[in-house]
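What follows is a short report on a single structure.
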There are 2 protein chains.
Amino acid sequence: MQFGERIKELRESKELLQRQLAASLEIDTPMFSKIERGERRAKREQVLLLAELLEADVHDLLAVWLADQVYELVKDEEDANEALQMVINTVKKQQ
Amino acid sequence: MQFGERIKELRESKELLQRQLAASLEIDTPMFSKIERGERRAKREQVLLLAELLEADVHDLLAVWLADQVYELVKDEEDANEALQMVINTVKKQQ
DNA sequence: TTAAATTAGCCAAATATTGACAAGTCACAA
DNA sequence: TTGTGACTTGTCAATATTTGGCTAATTTAA
């Protein structure tokens, strides 16, 4: 939902081609295209690399990347909000 | 983390045995035991059944069940909080 | 100590994810 | 139009993960 768009924006603002970033990530261009369109998910390690290559804030990218995955899990659930609040409380304490 | 404990409490307060609930869910007792201890995750459908069998609030159980899964995804992430906030915002709009 | 209840460990079957390839579309320059 | 480069689509096999169920151990309670 958001991660791919973010990557695409950053990539275009740096005038890089998919195949260039794909090469850096050691995947093929179709795979990179899919990541940008959210059809496939990037690996955590790839997010770190992309942050570096695109000179973007790594925490920001990681947060968006994570959010995509969480969203995928809860998007069809009526009780998503309650569940998310519970997790936030748990995560707070855990720090 | 929470779902299994919740089920166990409800089960014990109704003085039911694992094997009885397991039979109702059409799984074996060891599997039910694992669900209670969080070693395996229940299917959504099983949560609905459990809510009925244990006379518990189905939304409440679903929320806890979902929360477990989300937690599993974000628990080791430094940026979990930011990600969760993003998802909450997205989910709010989606309604 | 026994018998029932619960847990641990293991394995095979089913499912999902992954990476790669070939072929397709699209925009545009020659 | 034809050709070229950038990107997308679809498919497939390889790999990983999840699932269900079995056996055997351990715990609990009488």
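Being a predicted model, the structure only gives us computed values, none of them experimental. Numbered from 1 within each chain, the chains take letters A, B, ... in sequence-line order.
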### Task
Go through A/Leu66 and A/Phe3 one step at a time and tell me if the side chain to side chain contact (heavy atoms under 4.5 Å, CB included) criterion holds.
CA-CA 9 Å; A/Leu66 236 200; A/Phe3 179 75; over 6 Å; no
### Message
So B/Gln94 and A/Tyr71, do their side chains get closer than 4.5 Å, heavy atoms only?
### Response
yes
### Message
For a quick test of reading the model, state the closest non-hydrogen atom pair linking B/Trp65 to B/Ala42 and the distance between them.
### Response
NE1-O, 2.9 Å
### Query
What are the two closest heavy atoms between A/Ala63 and B/Ala83, and how far apart are they?
O-CB, 3.4 Å
### Query
Can you find a side chain N or O atom of B/Arg37 that sits less than 4.0 Å from OP1 or OP2 on C/dT6?
no
### Query
When the distance from CZ of A/Phe32 to C1' of D/dA6 is rounded to whole Å, what number comes out?
13 Å
Going by atom type alone, with no hydrogens or angles, which donor-acceptor pairs under 3.5 Å involve a side-chain atom of residues 47-57 of chain B and a protein atom two or more places apart or on another chain?
from, atom 1, to, atom 2, distance (Å)
B/Glu55, OE1, B/Lys14, NZ, 2.6
B/Asp57, OD1, B/His59, N, 2.9
B/Asp57, OD1, B/Asp60, N, 2.7

### Query
Hey, what do you get for CD (A/Glu39) to CE (A/Met31), rounding to the nearest 0.5 Å?
10.0 Å
### Message
At under 4.0 Å between heavy atoms, how does the protein contact nucleotides 25-30 of chain C? Give one character per nucleotide, 5' to 3', with B, S or -.
### Response
------
## Note on the structure
Base-paired stretches in DNA chain D with three or more consecutive Watson-Crick or G-U pairs, both distances under 3.5 Å, amount to C:1-30 with D:1-30
### Query
So which of A/Lys8, A/Gln18, A/Arg6 actually passes side chain to side chain donor-acceptor pair (under 3.5 Å) with A/Glu36?
A/Gln18
### Rounded distance (Å) that lies between atom C1' of C/dT6 and atom CG of B/Leu16
15 Å
Kindly give the atom pairs (protein nitrogen or oxygen, nucleotide nitrogen or oxygen) under 3.5 Å for nucleotides 10-18 of chain C.
none

### Task
Name all pairs fulfilling the salt bridge (charged side-chain N to carboxylate O under 4.0 Å, His left out) condition that reach into residues 76-95 of chain B, sequence neighbours left out, sorted by first residue then second.
A/Arg44-B/Glu77
### Query
OG/A/Ser33 to CG/A/Leu21 distance, rounded to the nearest 0.5 angstrom?
12.5 Å
### Query
Quick one: B/Glu45 CD to D/dG20 C1', roughly how many Å, whole number?
14 Å
### Query
Which residue, A/Gln46 or B/Arg11, contacts DNA chain C at a nucleotide closer to its 5' end, judged by nearest heavy atom?
B/Arg11
### Query
Atom CG in B/Leu61, atom CG in B/Leu10: separation rounded to 0.5 Å?
6.5 Å
### Query
Closer than 4.0 Å, any side-chain N/O of B/Ser33 to the OP1 or OP2 of C/dT6?
no
### Message
Rounded to the nearest 0.5 Å, what separates atom NZ in A/Lys34 from atom OG1 in A/Thr29?
### Response
11.5 Å
### Message
I want to check something: taking the side chain as every heavy atom from C-beta on, are B/Asn81 and B/Val74 in contact at a cut-off of under 4.5 Å?
### Response
no
### Message
Rounded to whole Å, how long is the line connecting atom CD of B/Glu5 with atom C1' of C/dT6?
### Response
17 Å
### Side chains of B/Asp68 and A/Val87 in contact at under 4.5 Å (non-hydrogen atoms)
no
### Summary
In whole angstroms, the gap separating P of C/dT6 from CD of B/Glu12 amounts to 8 Å
### Message
Are more than 12 heavy atoms, taken from residues, nucleotides or ligands other than A/Glu15, located less than 6.0 Å from that residue's CD atom?
### Response
no
### Query
What integer distance in Å separates A/Glu15:CD from D/dG5:C1'?
16 Å
### Query
Going by number, which of residues 18-29 of chain A have a non-hydrogen atom under 4.0 Å from DNA chain C?
A/Asp28
